[in-house]
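Encoded as structure tokens, the structure appears first; notes follow it.
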Amino acid sequence: MSLNSAQRQAVAEISSPLLVLAGAGSGKTRVITEKIAHLLKSGYQAEHIYAITFTNKAAREMRERVAKLVSREAAEPLTVCTFHALGLKLLQIEHAAAGLRRGFSVLDADDALNLFKELAPKGLKNDALFALRNLVGKAKDDGLSPDEAIKAARSPREMEAASIYAMYQRRLSNFNAVDFDDLIYLPARMLEEDAELRTRWQGRIRYLLMDEYQDTNRAQYRMVRHLVGPRGAFTAVGDDDQSIYSWRGANPENLNDLARDFPSLKVVKLEQNYRCSSRILRAANTLIAHNPHLFEKKLWSAHADGDPIRVLACRDEEHEAERAAAAIAHRQAQTKARWHDFAILYRGNHQARALEKALRLVSVPYHVSGGTAFFERVEIKDVLAYLRLLCNPDDDSAFLRAVQVPKREIGTTTLEKLALLAGSQHISLLRAAERIDVQKQLASRPGAALMQFAEMLERWRRAGQSLDAGALVARVIEESGYELHIQATVKEPLAVAYRKENLQELVQWMRDNGKGRDALADLQAQLALLSHSARDEPGNAVRLSTLHAAKGLEFNHVWLVGLEDGTLPHEGGINEGRLEEERRLMYVAITRAKETLTISYAEHKRKFGDIERQKPSRFIDELPAAEIEREGDDPERDAEQRRERAGAHLANLAAMLGKL
DNA sequence: ACGATTTTCAGCATC
DNA sequence: TGAAAATCGT
């Protein structure tokens, strides 16, 4: 299929900075991939083209689609990665300018939070702690250094946050480590302050493409602005109606700022939707028209009207789940559709429980996507701690983890003593553990155990000179006793096998990606950015997903459950300006559906113990009444409605026959 | 160092 | 309500 005229325009425009406003289902990924092919044809060299996404998954998909379009060899030198991966790459190359040493660590969210907790006042309530951390995060997002944050502090709370921020950054620097936010903040700052570095990177990145632009935060925008420079050779693709991440710092205003900062900016709108039935799209348009808009766009679809949108009133959450499960099972049996053509979408993770139960009951295969902590793979984090420590002896947080798993008779008392000694000499825990005089001040058994641990790391470091990354990691897993540790601590044989597989996959990943010497130093940092592996694909199963996790996906048949005031829109979002974001969330949900959309709500729900009456979501009233078909849960009432419809149908037929 | 009991908290979740 | 974290008790 060929491109439509707006898509062609978006692909061909390479002389001016370009903003592509890509409505839901308008083929934005296709435009980006075609544009990369076009840039290559126009004489841009692949190593100078950068395509940036938000998630690893999106990056992987884009790489695959580009490789299909041009050849695999032509696509290979392209850079297609996440914002954070780009920031990491810059830091690894320019580490000296950032005050980092080679092999620096990237602390994951967990480690960063633990470090923060250590520095924050003790006994702080959870929400106060998070509020404080948000203030620190905001300072980084605003591009303020700790000193600047202290100067800018306007209230005692901000002052407190700024001083914790300063301590926090000092600790990171002692660890020779950065956190996720630093992967954006530090590059943005370096590009801002160092003209020579900026010119060099602008020469390296000759064309920049950005996906999901509405999700960028201010720091990311700053980084981008300096990377593209005044030349503005970039394409930003986004949709303000699909901005659903402002709660984690995304700033859709960035779409506006683009026009301000690049006066020659061209704007192309992709308004033809290739995904939804006309009726579904009309419903989505009518709903989102209740929001104010910066850019007017009118999405249309060439598809037929299709089935009406059904709105079901259910007794309670269980009843709602049963109806969805039964309807999916029934429809699948009737139409022989594939299971993965169905999705049930909901606002909060906890809503999945009733649905899972109902689906199991009717033996429908399902896959729950999203939901964070499900696949927190300890074995990867543990081994990564070893690798981090190997590349960066100053990484205390990696030391604390590695030294305790597997158990080697080093307990909290020993570590506290060690920390005290290390602190008094201003050296890291591992450096302290290596020192004979420190060992002498500890009890003999723990002292010896620490020495053994330090020697083991030193052995690996020497072995690393001649081994490639994959082989070295295999050796670390073996010699650290980690495999035995899994066998000893994990009870189920299946889980043991699964964990070993994961470690095997880690080794393979190192083999695949590790080229050249010192590869491990770079790879261990990249590993921190890798969340899920390429496998654990959902397969042929009904998809259960939160609305957030469903963005970017599409299904023939979508069930949207829990449409009650307080759930969608969510309680907290109803008051402040967040109602609009809730509406966008609903918009995203509707536009996932290609053929049929069923919306349901529960009239009663248990909340924190007791049963509460629920009001149907106000968003239901914002849908076009002509496109929806309401059904209560009262069988009598339903039967009556069906009879009425059948009657009307018959009357229609009779009328038509009469005309003939 | 561990298991039992009490307290707390309840929105999405990337890198 | 119910799960997870914090605290208690041995």
Side-chain angles (χ1 to χ4, degrees), chain A residues 52-60 81-89 91 106-113 117 122-130 137 140-141 178-185 187 211-212 215-217 219-220 223 242-250 316-318 345-354 368-376 404 407 409-414 525-532 545-552 562 564 566-574 576 578 581-582 584-586 588-589 605-612:
Chain A
I52 310 301
T53 62
F54 271 86
T55 62
N56 288 310
K57 190 171 151 238
R60 197 168 58 231
C81 66
T82 63
F83 268 98
H84 289 83
L86 176 63
L88 175 62
K89 192 170 172 175
L91 280 182
V106 178
L107 264 54
D108 66 33
D110 253 17
D111 292 333
L113 183 62
K117 275 186 188 156
K122 297 279 170 277
L124 219 54
K125 288 248 180 190
N126 234 342
D127 42 353
L129 185 81
F130 281 103
K140 254 188 204 182
D141 188 27
V178 297
D179 67 11
F180 282 141
D181 292 338
D182 286 336
L183 296 177
I184 308 295
Y185 162 74
D211 193 16
E212 305 283 12
D215 291 339
T216 48
N217 63 26
Q220 282 161 338
M223 178 168 99
Q242 292 186 70
S243 159
I244 54 175
Y245 283 109
S246 68
W247 50 273
R248 65 176 197 215
D316 52 38
E317 225 172 339
E318 285 71 36
L345 309 180
Y346 40 82
R347 178 65 230 257
N349 268 314
H350 59 93
Q351 293 174 271
R353 210 185 301 166
V368 186
S369 72
T372 26
F374 284 83
F375 307 110
E376 268 264 273
Q404 294 182 92
K407 296 228 183 332
E409 298 185 302
I410 299 169
T412 35
T413 16
T414 310
Q526 285 172 36
L527 209 57
L529 302 183
L530 221 63
S531 52
H532 306 283
S545 168
T546 62
L547 303 180
H548 284 91
K551 189 160 79 151
E564 302 111 27
T567 303
L568 180 64
H570 192 268
E571 200 74 63
I574 289 178
E576 305 134 56
R578 281 141 74 196
E581 180 147 320
E582 295 293 314
R584 291 195 290 269
L585 213 36
M586 171 93 174
V588 167
K605 237 175 200 183
R606 345 179 62 100
K607 261 191 180 169
F608 308 147
D610 33 27
I611 292 164
E612 273 179 31

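So that the names make sense, note that chain A is the first sequence line, chain B the second, and so on, each numbered from 1.
- At the phosphate of B:dT14, neither OP1 nor OP2 sits under 4.0 Å from any side-chain N or O atom of A:T82.
- Atom-to-atom, CG of A:L86 to C1' of B:dT14 comes out at 16 Å; the value is rounded to the nearest Å.
- In terms of phosphate contacts, A:N349 brings a side-chain nitrogen or oxygen within less than 4.0 Å of OP1 or OP2 of B:dA13.
- With sequence neighbours excluded, the residues that form a salt bridge (Lys or Arg N to Asp or Glu O under 4.0 Å) with A:K551 are A:E212, A:D215.
- Atom CD of A:E318 and atom C1' of C:dT1 are 12 Å apart (whole Å).
- Within the nucleic acid shown, A:F54 comes within 4.0 Å of sugar-phosphate atoms alone, with no base atom in reach, counting heavy atoms only.
- Computed from coordinates, the A:Q220 CD to B:dC15 C1' distance equals 9 Å when rounded to whole Å.
- Separating the C1' atom of C:dA3 from that of B:dT14 is a span of 25 Å, rounded to the nearest Å.
- A:D211 has its CG atom 17 Å from the P atom of B:dT14, to the nearest Å.
- At a threshold of 4.0 angstrom between heavy atoms, the contacts of A:E582 include nucleobase atoms, whether or not backbone atoms are also involved.
- Annotation: A:K407, atom NZ; neighbour count of heavy atoms from other residues, nucleotides and ligands within 6.0 Å does not exceed 12.
- B:dC15 atom C1' lies 14 Å from atom CG of A:D141, rounded to whole Å.
- Rounded to an integer number of Å, the gap from A:K607 NZ to C:dG2 C1' is 16 Å.
- Remark: A:A85 pairs with A:C81, A:T82, A:L529 by the side chain to side chain contact (heavy atoms under 4.5 Å, CB included) rule, at least two apart or across chains.
- Note on ring orientation: taking the six-membered ring where Trp is involved, the planes of A:Y245 and A:H548 are tilted (angle from 30° to 60°).
- Between A:F54 and A:F83, the ring planes are tilted. Angles from 30° to 60° get that label.
- In this structure, A:D215 atom CG and B:dC12 atom P are separated by 17 Å, rounded to whole Å.
- Judged by ring centres under 5.5 Å apart and planes tilted less than 30 degrees, A:W247 stacks against the six-membered base ring of B:dC12.
- The listed nucleotides are B:dA13, B:dC15, C:dT1; the one nearest the side chain of A:R606 is C:dT1.
- For A:R248 and B:dC12, a side-chain-to-base donor-acceptor distance below 3.5 Å is absent, hydrogens and geometry of angles not being considered.
- Atoms CZ (A:R353) and P (B:dA10) sit 15 Å apart, rounded to a whole Å.
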